[in-house]
Amino acid sequence: MITKVMDVTGEPINIEHIKEASQILKNGGLVAFPTETVYGLGGDATDKEASRKIYQAKGRPSDNPLIVHISKFEQLESISSQLPETAKKLADAFWPGPLTMVVNKNEVIPYETTGGLDTVAVRMPNNPVALSLINESGCMIAAPSANTSGRPSPTKASHVYEDLAGKIDAILDGGSVDIGLESTIVDLTEDVVTILRPGYINMEMLKEVVGEVKIDPGIVYNDKGTTSGARPKAPGMRYKHYAPKGDLTIVSGEEQKVVSAINDMTATDMKNGKKVGIIATAATAEKYTAGSILVIGNRDDEKSIAHNLYDILRQFDEIGVDIIYSESFATPHIGQAIMNRLLKAAGQKTIEL
Ligand code: TXA
Ligand code: MG
């Protein structure tokens with residue numbers, strides 16, 4: 001299969017490309033498209049076959065459910081049974097935006113899309129290309145991140161192409177995404193709203209709208225790097241994910257100590273014939289003495305760190321480093337989401353100084 005790449009970066013959006021992509025979706029094909037978080041790999045959410053194709057293209061386990069992307073709140077009502085009041089409140093506050101809600105499903109969305117679950121994850125993305133694709137196709141679009149399973153999520157069309165060229169019908173290239181980390185997922189099927197995956201919409205923002213909010217014990221790590229032992233409720237959070245080929249360790253502590261520890265370890269590793277990569281910030285980059293040093297962003301601008309994380313992990317794969325050291329980024333607003341992804345990429349390996 002030849003994967004057609006269509007440029008939708010200009011304004012107004014090239015509607016011919018949106019129409020062509022919509023036709024592919026209506027015919028049961030797959031189209032990757034930009035959202036404000038990461039690129040998604042879309043298929044008609046009501047079409048079992050399309051969902052099967054998504055799993056196959058990604059090499060994704062079929063028990064890991066897909067997120068359904070919509071453009072109108074009524075679509076959520078049309079696919080859920082017993083919609084709680086909190087859904088409307090959260091939608092008013094955060095949609096379109098990087099929040100996914102898990103609700104009880106009815107028969108409209110097939111089990112192939114929900115990985116066999118009786119619940120469905122739904123989100124209204126805040127990206128003009130995504131919204132016009134949903135509107136033009138008339139489809140609710142099932143879309144996981146458009147990466148090969150186990151690789152970092154794609155934040156540029158070129159990342160999608162790297163992973164999925166030849167396996168999907170088309171890619172809508174909308175340029176670099178805005179946030180760069182996947183949406184916050186909340187479970188609305190129990191009494192208290194529960195965060196299943198942290199993202200840009202953080203705990204404080206959710207509390208302001210719904211009051212009490214819990215975090216799934218299955219995704220909380222203690223300072224020894226292990227979870228409480230509880231099983232994460234979002235199936236995707238159970239898999240090893242976002243893993244770079246190089247062995248990643250996070251080093252945290254006072255800046256000067258972190259820099260010298262990383263310099264020492266890098267020197268030793270290089271003596272042992274290893275290729276080393278370092279994830280630095282604009283402020284520390286020039287203090288590192290060896291290795292492939294990539295700047296993730298600026299600590300004063302935490303959005304820059306979220307935005308560049310996956311691209312940097314992919315760059316290290318390309319360079320082919322054996323070992324990666326990263327500083328820690330427990331920043332105020334998005335820090336929980338950044339560290340959740342970074343810790344997973346590191347298999348929880350951290351050194352605290
Ligand atoms: O920002 C995002 O959410 C991106 C863009 C494309 O919208 N999508 C995304 O999809 O990150 P994916 O498939 O990579 O991650 C979906 C996550 C998985 O961890 C999956 O297990 C969880 O959502 N999920 C989906 N349906 C669920 C459900 N019914 N109950 C619990 N978790 C669910
Ligand atoms: Mg994913």
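As the structure lists them, so they are numbered: ligands from 1, and atoms in each ligand from 1. Along the sequence shown, the residues carry numbers beginning at 1.
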[X], any N or O under 3.5 Å of ligand 1 N or O:
X: Gly236; result: yes
X: Ser145; result: yes
X: Glu182; result: no
X: Arg60; result: yes

Closest contact, heavy atoms only, [X] versus [Y]:
X: Pro154; Y: Ser145; answer: CD-CB, 4.2 Å
X: Ser78; Y: Met140; answer: OG-CE, 4.2 Å
X: Ile293; Y: Ala280; answer: CG2-CB, 3.9 Å

Provide the number and element of each atom of ligand 1 under 4.0 Å from a heavy atom of [X].
X: Thr119; answer: 28 (C), 29 (N), 30 (N)
X: Thr37; answer: 1 (O), 2 (C), 4 (C), 5 (C)
X: Ser183; answer: 1 (O), 2 (C), 3 (O)
X: Asn64; answer: 18 (C), 20 (C), 21 (O)
X: Ala234; answer: 21 (O), 31 (C), 32 (N)
X: Gly40; answer: 6 (C)
X: His69; answer: 5 (C), 6 (C), 7 (O)
X: Ile67; answer: 3 (O), 8 (N), 9 (C), 10 (O), 16 (C)

Exercise. What pairs of residues pass the side chain to side chain donor-acceptor pair (under 3.5 Å) test when at least one of them lies in residues 272-283, not counting sequence neighbours?
Worked result: Thr281-Thr284
Problem set entry | Value rounded to 0.5 Å, distance of CG in Asp216 from CG in Asp187 | 8.5 Å
For this session: Starting at CD1 of Ile67, measure out to CZ of Arg197 and round the result to the nearest 0.5 Å.
Result: 5.0 Å
Exercise. Applying a strict 4.0 Å limit to heavy atoms, is Leu117 in contact with ligand 1?
Worked result: yes
Exercise. For ligand 1, is there an atom lying under 4.0 Å from some heavy atom of Lys105?
Worked result: no
Exercise. Taking non-hydrogen atoms only, is Ile185 closer than 4.0 angstrom to ligand 1 via side chain, backbone, both or neither?
Worked result: side chain
Problem set entry | The single option from Lys287, Lys257, Arg299 passing salt bridge (Lys or Arg N to Asp or Glu O under 4.0 Å) against Glu327 | Arg299
Problem set entry | Asn147 near the Mg ion (ligand 2) via N/O/S, less than 2.8 Å | no
Exercise. Heavy atoms, side chains only, cut-off 4.5 Å: are Arg123 and Thr35 in contact?
Worked result: yes
Exercise. Under 4.5 Å between any side-chain heavy atoms of Lys233 and Thr189, yes or no?
Worked result: yes
Exercise. In chain order, what residues pass the ring pair (Phe, Tyr, Trp, His ring centres under 6.0 Å) check against Phe33, with sequence neighbours excluded?
Worked result: His69
